[in-house]
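Order of the sequence lines sets the chain letters (A, B, ...), proteins ahead of strands, with each chain counted from 1.
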There are 2 protein chains.
Amino acid sequence: MVTVTMADVAREAGVSPALVSLAFRDAYGVSATTRTRILETARRMGYQPNRAASRLASKSDDTLGVFLLDLHNEVFADMFDGMREAARTAGRELVLTVGSIGGSLDRPALDSLVRARVSAVVAGGLLLPDAELAEYRGRLALVSVARVVPGFDAVASDNVLGATLAVEHLVRLGHRRILHLATPPTDGYGGRREGYLRSMSDARLEPWVLTCDYARQAAFDLVMPLLGPAAPDREQPTAIFTHNDQTALGVLDAVHAHRLRVPEDISVVGYDNTSATKPPGVDLTTVDLHAADLGRRATEIAVVRSEDPTREPMVETFEPSLVVRASTAPPPKGHLIR
Amino acid sequence: MVTVTMADVAREAGVSPALVSLAFRDAYGVSATTRTRILETARRMGYQPNRAASRLASKSDDTLGVFLLDLHNEVFADMFDGMREAARTAGRELVLTVGSIGGSLDRPALDSLVRARVSAVVAGGLLLPDAELAEYRGRLALVSVARVVPGFDAVASDNVLGATLAVEHLVRLGHRRILHLATPPTDGYGGRREGYLRSMSDARLEPWVLTCDYARQAAFDLVMPLLGPAAPDREQPTAIFTHNDQTALGVLDAVHAHRLRVPEDISVVGYDNTSATKPPGVDLTTVDLHAADLGRRATEIAVVRSEDPTREPMVETFEPSLVVRASTAPPPKGHLIR
DNA sequence: ATGAAAGCGCTAACAA
DNA sequence: TTGTTAGCGCTTTCAT
């Protein structure tokens, strides 16, 4: 591979390397004509600055790191859209690392970003416990998206509110046996479960929580046995509220597998409002996390943070909203009378 | 942010920086005891090597770049799974860049990888024309996934075969009016369209091709007017074969919106075998691209390539396979008699 | 407006 | 087995 260096460009353009550097970062003090000549020469030679070298030489670095938990969950694609938009606006580059559903890749991914010496990291879907994340304090400027991590910046969403909106919607429709598929207990993600429990209690209803992995298949496997005709009638939920859309889709899969109808036989509410919930065939009622907005705002904060690493951590909280679609309706008559 | 350097660790461990460097890359010639002491000290201090510095100092770099077209399309998540597995096996780090559906971000993303001076790039879903990619020859070691790019390594899939499998399956079921939703004409992605045209011709059927963007919504919008009762009967397809799963899902959306049934009223075949096609409610017949396998193999080749940038470009071609599910059946009787 | 020179944190000979 | 030294390709004073 032929690699063009700044010195090559300088020689070709008949100037000093320093001037090329200045021209590329359009600093003041380079005459317009020389600048154009330098840039033109560089373009002709296919020169791209060596980022490793510039990062090393300059104290400040303009690239931001991104961590996303799982590419198979579209909510992270939504977040990324927002991040990219904000990065573009701020003129920052983004380097992406990816975790995995179990959370076992959180650490390797973050360490990789530490090694890359990015000026700040925007992280969506971190699963590492607060205590372990604390080890990164002072070593990595981190902005957490959709989860509050003590000691770090965060752009959060009011999950308690989101769950409350969902449950109250179902209660208002007349549901009483509302099952909640909750995340495995992980630091920072308890809000949806908590909001569910609180709203159920407020409505004087008995809570029913099952813990469920993030994957569609996991929800399917978990719910299948609950819906069979074999299951005792009173145990059948009339509505299921899940902690994310993936699992809601898994629930729909199970419902369809039993040849039951949504919402006539059972109502389903998801969380995240990913695009897969929108199509006519799905039409899922869900809580909109506003993932792109969270990602955008978190990135803006990361920019600020990278310019001033010392200021106090800031936490901004967004409000989710309920998107009512066709997957929710009053429960079947038998259940209403009860 | 406190940043620990190699010199810090060396001082603390009472050795020279060079020895720390050796210890970290567990080279021969460092006594076991010193190595453990060094590593232990480093761990205690939270030291992570500065990758910018090591990349600069060493000619060879062990990180691979990844380009993925679009995070909203799960086929790229599948590819990435394979890439990551291979990278892990080879002990390489991965840095990810993301493009966008229109292809307008291909260049910025690739340039970013050039600036990062990664040793090789594995690219899935490149949309840049062959001629423009040619500019990167000699400047970027590129392994293209699922597309052949002249002058570069590639792990391709036999798209002509894939389309043939799909069409022959439909023809065998008795379909005659088979619509194909093809990609916009882009270098390297003509195979599916070509395979469709050839198989239709072989079956003495009239081809019917509409060009359709990659997105689910685009397919929905395109197909909606074709399925309405208002549409002249003879113009209604009995089967639709799409260039990817996203668009197939869009077709299903449109079919459902018209309250038509799959496969009784119309058959649908997708392409990619992403996980969203598998659930009971979807159960889409599709061509399996084996995306993870492609990604894995491409990454293995990238490793080889980065160790020997001079060898001839190699192209490996995988065979797709047809996954028959519930979205295909013989056409409605009326059409059979015709 | 431009150039010279030092140094960022590492690696890679070469010495010891 | 360990230390010394000279860069890697940039940025950044400081001169000119």
Tabulated below should be each protein N or O lying under 3.5 Å from an N or O of nucleotides 8-11 of chain C; please produce it.
{"unit_1": "C:dC8", "atom_1": "O2", "unit_2": "A:L56", "atom_2": "O", "d": "3.4"}
{"unit_1": "C:dC8", "atom_1": "O2", "unit_2": "A:A57", "atom_2": "N", "d": "3.3"}
{"unit_1": "C:dG9", "atom_1": "N2", "unit_2": "B:A53", "atom_2": "O", "d": "3.4"}
{"unit_1": "C:dC10", "atom_1": "OP1", "unit_2": "B:M6", "atom_2": "N", "d": "3.3"}
{"unit_1": "C:dC10", "atom_1": "OP1", "unit_2": "B:Y47", "atom_2": "OH", "d": "2.9"}
{"unit_1": "C:dC10", "atom_1": "OP2", "unit_2": "B:M6", "atom_2": "N", "d": "2.8"}
{"unit_1": "C:dT11", "atom_1": "OP2", "unit_2": "B:S21", "atom_2": "OG", "d": "2.3"}

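In this structure, A:R305 pairs ionically with A:D153, as a charged nitrogen and a carboxylate oxygen lie closer than 4.0 Å. Residues A:D130 and A:R147 are paired through a salt bridge, judged by an N-O separation under 4.0 Å between the basic side chain and the carboxylate. For the pair A:E40 and A:R37, the salt-bridge criterion is not met [side-chain N within less than 4.0 Å of a carboxylate O].
Nucleotide D:dC14 holds its C1' atom 15 Å from the CG atom of A:L19, rounded to whole Å. The CZ atom of A:R35 sits 10 Å away from the P atom of C:dA1 (whole-angstrom rounding). When the P atom of D:dG9 is taken as reference, atom CZ of B:R115 falls 18 Å away, rounded to whole Å. Distance B:R11 CZ to D:dG3 P: 14 Å, rounded to the nearest Å.
Under the 3.5 Å distance criterion, the side-chain polar atoms of A:D106 are left unmatched by any main-chain donor or acceptor of A:L126.
Between A:T34 and C:dA1 there is no side-chain N or O to OP1 or OP2 distance below 4.0 Å.
Defined by atom type and a distance below 3.5 Å, a donor-acceptor pair is present between the side-chain atoms of B:R25 and B:S21.
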> Should A:F318 and A:L294 be marked as a side-chain contact (heavy atoms from CB on, under 4.5 Å) after you check the CA-CA gap, both sets of side-chain angles, and the distance that decides it?
Replying inline: CA-CA 8 Å; A:F318 279 54; A:L294 299 189; 3.5 Å; yes

